[in-house]
S.K.: 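My questions will all concern the structure given below.
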There are 2 protein chains.
Amino acid sequence: MTLSTKGRILDAAEELFAEQGFSATSLRHITARARVNLAAVNYHFGTKDALVEAVFARRLIPMNKDRLQRLDRLVRAHAPQDPPLDRLIEAFIAPALELSRHATEGGARFLKLLGRSYTEPSALLQEQVREMYREVIDRFRPVFAQVLPDLPGDELYWRLHFLVGVLAYCMSGADMMRLIASCRVHDSLDTNMLTQRLTVFLTAGMRAPLPAVDAPTLPETAHA
Amino acid sequence: MTLSTKGRILDAAEELFAEQGFSATSLRHITARARVNLAAVNYHFGTKDALVEAVFARRLIPMNKDRLQRLDRLVRAHAPQDPPLDRLIEAFIAPALELSRHATEGGARFLKLLGRSYTEPSALLQEQVREMYREVIDRFRPVFAQVLPDLPGDELYWRLHFLVGVLAYCMSGADMMRLIASCRVHDSLDTNMLTQRLTVFLTAGMRAPLPAVDAPTLPETAHA
DNA sequence: GTCTATAGTCAGATAGAC
DNA sequence: GTCTATCTGACTATAGAC
């Protein structure tokens with residue numbers, strides 16, 4: 001309950017970054033919400049950029065460890081055969097969505113922040129987050145290739161790209177949802193429900209057969 | 001070439017917003033790049049927020065008009081039957097991706113900006129962009145429902161959500177791509193290629209049959 | 001419409017007492 | 001480790017000459 005100064009800063013920063021974005025959130029906001037002194041951020045983290053990185057590392061590193069553990073278990077459980085595609089997808093997306101289960105720990109807030117981070121402009125953050133993801137991608141990609149042997153390599157790249165995109169968007173809890181659905185997002189943000197819906201959608205997308213190569217591309221409708 | 005002051009500001013703002021985000025971009029940056037006086041922004045647009053809105057409106061309104069035209073043509077061409085799902089999806093995503101075709105006009109930059117806008121925290125921008133999308137959603141949604149009569153309403157909502165998510169992520173040209181693929185995004189950002197790949201993926205995802213209702217959900221793998 | 005000059009506020013970061 | 005006080009610079013926005 002009475003967290004350390006460092007922990008209180010991380011919590012407050014996570015919260016405000018998720019609500020307002022990084023550059024719109026000042027250290028003064030953060031320290032005020034954390035009820036610590038303004039100078040504490042610079043003392044404990046050095047710079048604002050380093051604080052941003054720490055906010056991500058705190059949850060991203062365990063989350064990716066969870067992903068790798070699930071992948072290992074899945075591959076072992078089915079060896080020497082390939083694991084089912086839907087289970088593979090689930091191993092990738094579930095650890096992210098699980099974060100929202102620990103709502104009291106701020107996991108849900110972080111999920112929103114994480115979703116947005118994929119499209120954040122800051123080159124520095126991009127680099128930091130990418131580094132935290134490298135091992136996950138390196139381990140999942142060859143398994144996907146094995147499970148989907150009919151997909152050419154470049155097509156698989158794109159489809160993984162699409163997969164990550166859906167996940168990122170769902171995590172961000174984009175308010176656009178309120179426009180598409182009349183319902184509110186969080187009313188129905190049941191992790192199991194969402195994981196299952198996502199898995200069904202993504203499994204079908206990943207499995208989509210390629211159109212015959214000699215077929216003409218989609219006919220163009222006139223454009224200016 | 002020698003654009004009006006207003007146009008030069010819009011171009012420079014679009015460019016910098018796409019590169020750095022909104023709150024990280026100052027009016028000083030914008031006016032410097034546009035080579036106009038600092039006070040010109042406030043003279044022509046009033047406030048920074050109004051400038052942001054103008055940057056979006058300039059391209060979003062024509063883009064959505066294009067979407068509605070394609071939808072109309074498509075429905076008419078197949079009446080009284082339903083249009084094919086892939087053509088319906090294409091009518092929705094192509095007008096967005098087409099923007100990158102007009103690279104000289106900065107369409108590609110705007111595409112990145114648009115992709116990011118879906119997850120932007122600013123409540124004001126959210127509201128403005130949502131308003132510009134309302135008619136598009138209201139017109140496309142019932143046609144999707146007709147083409148996919150087996151999907152329950154709430155499932156359709158989620159799938160449209162997923163669809164928009166993929167599109168947003170692709171538009172943002174997220175650098176995460178460089179991690180998944182070894183290639184660079186823009187090397188292969190051929191609009192037709194991407195539209196076709198997206199259409200194939202999304203058509204399969206939208207068509208995915210629901211798992212039997214009485215079947216247990218995906219078995220849980222242990223989590224802490 | 002375009003400029004200069006500036007008001008008024010807020011930012012990140014640090015020095016130095018305790 | 002935590003505090004106060006402050007430096008230095010940047011920000012949006014506006015007033016008023018031209």
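The figures that follow rest on heavy atoms only: side chains count, while hydrogens, waters and symmetry mates do not. Chain letters run A, B, ... following the sequence lines, proteins first, then strands; residues in each count from 1. Just so we're clear, the structure is a prediction, and the values are computed from it rather than from any experiment.
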S.K.: Tell me whether the side-chain N/O atoms of His44(A) come closer than 4.0 Å to OP1 or OP2 in dT2(D).
M.R.: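 Looking at the OP1 and OP2 atoms of dT2(D), one of them is under 4.0 Å from a side-chain N or O of His44(A).
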S.K.: Is the Phe17(A)-Phe110(A) ring centre distance short of 6.0 angstrom?
M.R.: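 Not close enough - the centres of the two rings lie 6.0 Å or further apart.
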S.K.: Could you state the atom-to-atom distance from CZ of Arg35(B) to P of dT2(C) in whole Å?
M.R.: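 Value for this atom pair: 15 Å.
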S.K.: With 3.5 Å as the limit, what N/O pairs link the protein to nucleotides 13-15 of chain D?
M.R.:
from, atom 1, to, atom 2, distance (Å)
dA13(D), OP2, Lys48(B), N, 3.1

S.K.: Mind checking Ser4(B) for me? I need base, sugar-phosphate or nothing, with any heavy atom below 4.0 Å counting as a touch.
M.R.: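 Nothing, no nucleic acid heavy atom in range.
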S.K.: Answer yes or no: does atom NE2 of His44(B) have more than 12 heavy-atom neighbours from other residues, nucleotides or ligands under 6.0 Å?
M.R.: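 Count over threshold, so yes.
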S.K.: Before giving the answer on salt bridge (charged side-chain N to carboxylate O under 4.0 Å, His left out), spell out for Asp154(A) and Arg159(A) the whole-Å C-alpha distance, their side-chain angles and the decisive distance to 0.1 Å.
M.R.: CA-CA 9 Å; Asp154(A) 55 343; Arg159(A) 292 198 180 178; over 6 Å; no
S.K.: Verify the ring-centre separation between Phe92(B) and Phe140(B): is it less than 6.0 angstrom?
M.R.: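 So the answer is yes for these two rings.
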S.K.: Give a yes or no on whether a salt bridge exists between Arg33(B) and Glu19(B), defined as a side-chain N under 4.0 angstrom from a carboxylate O.
M.R.: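 Between Glu19(B) and Arg33(B) there is a salt bridge, with a charged N closer than 4.0 Å to a carboxylate O.
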S.K.: When you check the phosphate oxygens OP1 and OP2 of dG1(C), does a side-chain N or O of Asn37(B) lie under 4.0 Å from one of them?
M.R.: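 Indeed not, no polar side-chain atom of Asn37(B) lies that close.
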S.K.: Between atom CG in Leu51(A) and atom P in dA11(C), what is the gap in whole Å?
M.R.: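 It is 15 Å, rounded to the nearest whole Å.
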S.K.: Between Arg70(B) and Asp66(B), is there a salt bridge with N-O shorter than 4.0 Å?
M.R.: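 Counted as a salt bridge, because a side-chain N and a carboxylate O are separated by less than 4.0 Å.
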S.K.: Taking only the side-chain nitrogens and oxygens of Ser26(A), find out if one of them lies under 4.0 Å from OP1 or OP2 of dC10(C).
M.R.: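 False: Ser26(A) side-chain N/O out of range (4.0 Å or more) of dC10(C) OP1/OP2.
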S.K.: Tell me the interatomic distance from Phe22(A), atom CZ, to dA11(C), atom C1', rounded to whole angstroms.
M.R.: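 These atoms are roughly 18 Å apart.
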S.K.: Describe, in one word, how the ring planes of Phe22(A) and Phe56(A) are oriented to each other, choosing from parallel (under 30°), tilted (30 to 60°) and perpendicular (over 60°).
M.R.: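 Tilted.
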S.K.: Does any residue of residues 10-19 of chain B have a heavy atom under 4.0 Å from DNA chain D, and if so, which ones, in number order?
M.R.: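 Nothing qualifies; none.
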S.K.: Among dT2(C), dA11(C), dG1(D), which nucleotide sits nearest the side chain of Thr5(B)?
M.R.: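 Of dT2(C), dA11(C), dG1(D), dT2(C) is nearest to the side chain of Thr5(B).
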S.K.: Nearest-Å distance, CZ (Phe45(A)) to P (dG12(C))?
M.R.: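 Between P of dG12(C) and CZ of Phe45(A): 15 Å.
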S.K.: Using a strict cut-off of less than 4.0 Å between a Lys/Arg side-chain nitrogen and an Asp/Glu carboxylate oxygen, indicate whether Glu120(A) and Arg116(A) qualify as a salt bridge.
M.R.: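 A salt bridge is absent here (no side-chain N lies under 4.0 Å from a carboxylate O).
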S.K.: Once you round it to whole Å, what is the distance between C1' of dC11(D) and NE2 of His29(B)?
M.R.: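 Rounded to the whole Å, the gap is 11 Å.
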S.K.: Do Asp11(B) and Arg58(B) sit within salt-bridge range, that is, some charged N less than 4.0 Å from a carboxylate O?
M.R.: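 Judged by the 4.0 Å cut-off on N to carboxylate O distance, Asp11(B) and Arg58(B) do form a salt bridge.
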